[in-house]
Amino acid sequence: MADDKIRVLVAKPGLDGHDRGAKVVARALRDAGMEVIYTGIRQTPDMIAEAALQEDVDVIGLSILSGAHMELFPRIIEALRTREIAPDEVLLFAGGIIPDADIQPLKDLGFQAIFGPGTSTQDIIKFVRDWAATRPVRAT
Amino acid sequence: MPTVEDLVERLFAGNRRALSRLLTLIENDTPEGRRALKQIYPRSGAAHTVGLTGSAGAGKSTLSGALARELRRRDRTLGIVAIDPTSPFSQGALLGDRIRMQDLTSDPSVFLRSMATRGNLGGLAPSTSGVVTALDAFGMDVVLVETVGAGQDEVEVAAMADTTVVVLTPGAGDDVQAMKAGIMEIADILVVNKSDLPNADLFYRQMSAIYESYSAARNGWQTPILKTSGAEQEGIEALVDALDQHRAHIESTQQREAHRIEQARHQVLALARQRLIDQLVADHTTDGRLDEIVARVARREMDPHSGADELIA
Ligand code: B12
Ligand SMILES: Nc1nc2c(ncn2[C@@H]2O[C@H](COP(=O)(O)OP(=O)(O)OP(=O)(O)O)[C@@H](O)[C@H]2O)c(=O)[nH]1
Ligand SMILES: [Mg+2]
């Protein structure tokens, strides 16, 4: 059975219409054999956290190019916590236009990686697979 | 670490995270998932299960969203299971049905779960019925199942759902498709969707004419043909009324019993079939007999029927 299927949520928070990167990443992960839920653009932190809960995903990937990440990402983490989803239970990562100076603060929040423009999708796939291979067994 | 029993208890207490975790265990057909189903199944059966089927792009997800909004207006709680195909090449899937139902995400009385077919034919995923059971036992008034738009062989959903809605669209070759695939026979409600399109009325009249000419009432139920536009939220009240009428019909006297027995028979046989074939393949992959027989059939030394006989023997 496919009980090792990796389920991924790819979401675009805020009023950011740049969706090419999110779609590229979603398709690449699908082609790598994962089940990818794409929610579309203009998602509020609550919508993203609620979709993560309903879909019981292993991975949450946020794509943002608007510059609003330092405002939105902490609210997403908060919305996840309200739903009993701790950041370390899932792989939480992001991509888009994110200045270097913001990377460490985001990692401190629970983001495991940030991928900027020009990242090869192979690197993203490898990152997810490596994480899946070493993650602790999930509590039922 | 919570046990399955804890999760089941929290499910019955209305905890959505527990429901979600259980759906995963059931979908993956793990031993825990089976144990959970054993406990959940006796407390299911109250929900009205509705299957929504039709060719790819017929507007099923948009219509599900519209239906959900109307059901919520009538204060019903609901679970939605949206199924999309697994790629046969990568075994991955892009599940995009949520895009059409974004506004429902923040409604605490709605729970939407996307599923990939994981190699199953017939429009459903292998464990769809288990997932529906859990949403039903969670207490949802209605559970909507959107099948993949394969356009054929969707009888599986009809065997599982209380009410099957077949969605057709004008100008998509759906008239011929519907005739061919025997999809009309499974429809409890036939919907001509995208009624906002210019050629919709003509298509609706054609379908009505075709359908009336050969459909007799089945078990005292005359399948209605309705016009809807999911995008414009039109005709949706009439559709929900029809769902309620069909539900009332199958709830009537002996109908319900007969319907439930058919559903149960289908599920037991489908699972038994799957297990037998899995067992057969596993056994004869290990001992090499499957490959050996296949090779002989390929070389025309043996016909496929004899091959199957030998495999089972
Ligand atoms: C194409 C583009 C547009 C298109 C978008 C089309 C679309 N549907 O996507 C259009 C013309 C519509 C547009 C509009 C605007 N844009 Co513009 N746009 C770009 C541009 C040139 C390229 C973006 C792109 O598509 N790249 C290709 C994709 C594949 O790359 P990517 O998104 O970076 O994704 C990769 C990685 O970042 C990563 N990744 C991305 N997401 C994720 C998610 C996960 C989970 C992971 C793991 C990885 C990952 O992996 C991907 C593959 O390598 C960028 C400049 C740039 N060089 O990035 C500006 C840019 C993003 N735009 C910008 C701006 C300001 C705008 C506008 C506000 C302009 C205006 N004043 O009108 C509008 C806003 C539109 C809106 N509603 O949001 C600014 C943003 C500035 C900022 N953040 O500080 C940029 C950076 C240009 C600039 N230098 O000023 N834009
Ligand atoms: N004109 C019109 N277009 C619609 C309507 N409903 C959906 N569409 C469009 O039809 C396309 C498919 O809609 P979906 O709701 O995703 O259809 P679906 O049947 O769920 O598609 P799959 O799940 O991919 O099989 C989209 O481009 C919609 O915008 C409608 O009522 N009228
Ligand atoms: Mg759909």
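These figures come from a predicted structure and were not determined experimentally. Chain letters run A, B, ... following the sequence lines, proteins first and then strands; every chain starts at 1.
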- Query: Is Glu27(B) paired with Arg7(A) through a side-chain N to carboxylate O contact shorter than 4.0 Å?
  - Reply: yes
- Does Lys38(B) have any side chain to side chain contact (heavy atoms under 4.5 Å, CB included) partners at least two apart in sequence or in another chain, and if so, which? none
- Between Ala26(A) and Leu94(B), the two heavy atoms sitting closest are CB-CD1, 3.9 Å
- Message: Side chains of Glu84(A) and Asn15(B), heavy atoms from C-beta outward: is any pair under 4.5 Å?
- Response: yes
- Task: Look up atom CG in Leu95(B) and atom OG1 in Thr39(A), then write down how far apart they are to the nearest 0.5 Å.
- Result: 12.0 Å
- Query: Among Val10(A), Leu29(A), Ile37(A), who wins on heavy-atom pairs under 4.5 Å with chain B?
  - Reply: Ile37(A)
- Item | Close side-chain approach of Leu53(A) to Phe111(B), heavy-atom, < 4.5 Å | yes
- Which portion of Asp278(B) sits near chain A, non-hydrogen atoms under 4.5 angstrom: neither
- Item | Pairwise side-chain contact, Ile99(B) with Tyr38(A), heavy-atom cut-off 4.5 Å (strictly under) | yes
- Item | Distance-only side-chain donor-acceptor flag, Asp56(A) / Thr24(B), under 3.5 Å | yes
- So which of Glu55(A), Arg27(A), Met34(A) has the biggest tally of heavy-atom pairs under 4.5 Å with chain B? Glu55(A)
- Item | Non-hydrogen side-chain atoms of Arg118(B) and Lys5(A) separated by less than 4.5 Å | yes
Per-pair distances, 0.1 Å, donor-acceptor, side chain in residues 107-119 of chain A, under 3.5 Å, sequence neighbours excluded:
{"from": "Asp108(A)", "atom 1": "OD1", "to": "Gln104(A)", "atom 2": "NE2", "distance (Å)": "3.1"}
{"from": "Thr119(A)", "atom 1": "OG1", "to": "Gly116(A)", "atom 2": "N", "distance (Å)": "3.4"}
{"from": "Thr119(A)", "atom 1": "OG1", "to": "Gly116(A)", "atom 2": "O", "distance (Å)": "2.4"}

- Message: Is it true that Arg42(A) and Gln102(B) share a donor-acceptor pair across their side chains at a distance under 3.5 Å?
- Response: no
- Kindly give the heavy-atom pair with the smallest separation between Met47(A) and Thr105(B), and that separation in Å. O-CG2, 3.5 Å
- Residue pair Gln54(A) / Ser20(B): nearest heavy atoms and the distance that separates them: O-OG, 3.2 Å
- Are the charged groups of Glu89(A) and Arg17(B) less than 4.0 angstrom apart, N to O? yes
- Bottom line for Ile41(A): the part with an atom under 4.5 Å from chain B's heavy atoms is backbone
- Message: Pairing donors with acceptors under 3.5 angstrom, does anything connect the side chains of Glu50(A) and Ser106(B)?
- Response: no
